[in-house]
Amino acid sequence: MTTVSAPPSAAATGPDETPPSRRPRRWLGENPLGLLLSAPYLLFIGLVFAYPIVFSVWMSFQDYFFAAPGAEVDRPFVGFDNYIAVIQDPAVWRSFGNVGIFLLINVPLTVGLSLLLATALDKVVHARTFFRVSYYVPYVTASVAVVAVWLFLFSTGGLVNQILGPLAPEPSWLVNSALAMPTIALFVTWKGLGFYILLYLAALQNVGKELYEAASVDGAGAVRRFFTVTVPGVRPATVLVFLLATITGANLFTEPYLLTGGGGPNGASTSPVLLMYQRGIEQGNPDVASALGVILIIFVLIIAWLQYRFLGGRES
Amino acid sequence: MTRTRTALRYLLLAVGALVFLFPFYYMIVGSLQTAPDPTIAGAFPNPANVTGENYVAINERVNLLQGLANSGIFTGGVILGTVVFGTIAGYALSVLKWRGRGATLVLVLLVQVIPFQLLMIPLYVMIARDYGLSDSYLGMILPFLINSTAVLIFRQYFLQLPRELFDAARIDGAGEFRILWSVALPLVRPALLTAVLLTFIGPWNEFLWPFLITKEAALQPLAVSLANFISNVAASTSNPFGAMMAGAVVLAAPAVALFIIFQRYFVSNDLGSGVKG
């Protein structure tokens, strides 16, 4: 409690202010108006995040199906039946494996390239704006729009294969079961890199210049300085990049849906979210899809926790 | 030594820029080709092979103007919701002291790591089935109404304002609403643009949610109708790639133009603060 808190009469001039009585005011804090101003946001979070999460978990333990609005139907509790159905579905394991492939390619590429480009960009004087803008243009463009170009570029007779000539893979990128997922990972890396470059640029501002000077005096070359000063200096940002890339990977939908025509060839690029859509909405089993969603959340949380532990995210 | 290093740096950055920009250049070139030319020569505009035909072709299958209008309404609704409710929430989370402020702030941060896609099934059941809001703008906007990152950006800006400002206004007898409206809000105008830009990307580019909730073509945002064209209809046009890329240019142009014009409001520090809280 500060001594200069506003006198009740002054605060009461606000149009929505209830007549102040000392006790509720003290219980709600110095400025109960804060609660009122946050109320729409809190309501929104409750309606769009909190309730759906609870609903989803509940649904995953029911025999839930779509019914006409308002219809009274019996949706019995079925225990872990939906979870068993998910675990016994080979397509689910395939999709988790696909995300694994995605992460193995996407995360190292994203971290490496965005840090490299951000470091270079941080040091140059000319054309900084041009480079910065050209890097984040893919990030701000709709996936659906850039997918159209990638389909053209990576089609069987497309420009990429024309340049590669005899080295072009057969069958082509997006219809090759070994290359479909790596191509998607490459696409997502390309599209999101600009955002991560911006994150690293911000992080680089926090690395002390004197550290570089000290390292120079000690005789460290540019490469050495990069690994001993820059890399540890931006570690909080790296943890964040790892986390965000994992979440992006777990969320993959648009790219496999459009680039490989719904997770093809033969499920080689199906993602868990695409599978949730197919099982839950196309095939009308929202209960099974919810169980899959719960399992996916648990996986993401475990991976996020591991990354946090091993990369040391204490400072972030 | 330093000369070559600088040159190498520029070379690296230029190669990067080429990789990022080339697909956009190729999108425009491809959208203007009479017949798709995937050869290396086809990457350069060829006067003999230039046409506006693809734009006409896609517009016959997908109503581009209607799609742009729907995307605009969807995006506008989200921006309006974020600006109105997000600024006051950001203000409450930074300037005012009240019980539950800490918990609310944790909530804002937590919401950022919950992948939206995982809420897809329950939200679909609630909004489309229970509330009957499928094929409506409200149903499209609702799950995106307030952008949490924008709330954090607003909070960050309000935190930077000197506290004396608010104390002085209080001593002068201004009520809390008056302070918010005539002292705080005018001072965070730069944050407003950053937040609007950041919020814009979400709904304008969003595919999954409006795809689930709109079956009626007249209500679909452009991203959804273009995606439907790519996955179902494109093969039936004479130059499918040309038509696809013409649609892509129309969808990409507003976002790209906006971010080039207002690039100085989209800088690393704001984003960093937004994400890190």
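These figures come from a predicted structure and were not determined experimentally. Here is how names work: the chains are called A, B, and so on, in the same order as the sequence lines, proteins then strands, and each is numbered from 1.
Heavy-atom distances place both the backbone and the side chain of A/Val273 under 4.5 Å from chain B. Heavy-atom distances place both the backbone and the side chain of A/Phe152 under 4.5 Å from chain B. Residue A/Leu42 touches chain B through its side chain alone, counting heavy-atom pairs closer than 4.5 Å. Contacts between A/Leu47 and chain B at a heavy-atom distance below 4.5 Å involve backbone atoms as well as side-chain atoms. Using a 4.5 Å cut-off between heavy atoms, A/Ile45 contacts chain B through its side chain alone, with no backbone atom that close. Looking at A/Tyr41, the atoms closer than 4.5 Å to chain B (heavy atoms on both sides) sit in the backbone and in the side chain alike. For chain B, the nearby part of A/Met59 is the side chain; its heavy atoms alone come within less than 4.5 Å. Contact of A/Leu113 with chain B is not made at all, since no heavy-atom distance falls under 4.5 Å. With a 4.5 Å cut-off on non-hydrogen atoms, A/Thr248 does not touch chain B at all. Using a 4.5 Å cut-off between heavy atoms, A/Leu151 contacts chain B through both its backbone and its side chain. Using a 4.5 Å cut-off between heavy atoms, B/Met120 contacts chain A through its side chain alone, with no backbone atom that close. Contacts of A/Thr119 with chain B are absent, with no heavy-atom separation under 4.5 Å from either backbone or side chain. For A/Phe131, the part lying near chain B is the side chain, with the backbone staying farther off; criterion is any non-hydrogen pair under 4.5 Å. The parts of B/Ile40 that come within reach of chain A are both its backbone and its side chain, each placing non-hydrogen atoms under 4.5 angstrom from that chain. Looking at B/Val19, the atoms closer than 4.5 Å to chain A (heavy atoms on both sides) sit in the backbone and in the side chain alike.
The candidate from B/Leu251, B/Ile121, B/Leu8, B/Ile146 with the greatest count of non-hydrogen atom pairs under 4.5 Å with chain A is B/Ile146. The greatest number of non-hydrogen atom pairs below 4.5 Å with chain A, out of B/Gln263, B/Met244, B/Arg101, is found for B/Gln263.
Across A/Pro52 and A/Gly46, no two heavy atoms sit closer than the pair CD-O, 4.0 Å. The two residues B/Leu18 and B/Pro23 have their closest heavy-atom pair at O-CD, 4.5 Å.
Applying the ring pair (Phe, Tyr, Trp, His ring centres under 6.0 Å) test to B/Phe211 and every residue at least two apart in sequence or in another chain returns A/Tyr257, A/Tyr277, B/Phe207.
At least one side-chain heavy atom of A/Trp58 sits less than 4.5 Å from a side-chain heavy atom of A/Tyr64. Taking 4.5 Å as the limit, every side-chain heavy atom of B/Thr82 sits out of range of all side-chain heavy atoms of B/Leu145.
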Salt bridge (Lys or Arg N to Asp or Glu O under 4.0 Å) evaluation trace for A/Lys191 with A/Glu255: CA-CA 11 Å; A/Lys191 190 171 183 311; A/Glu255 293 77 12; over 6 Å; no
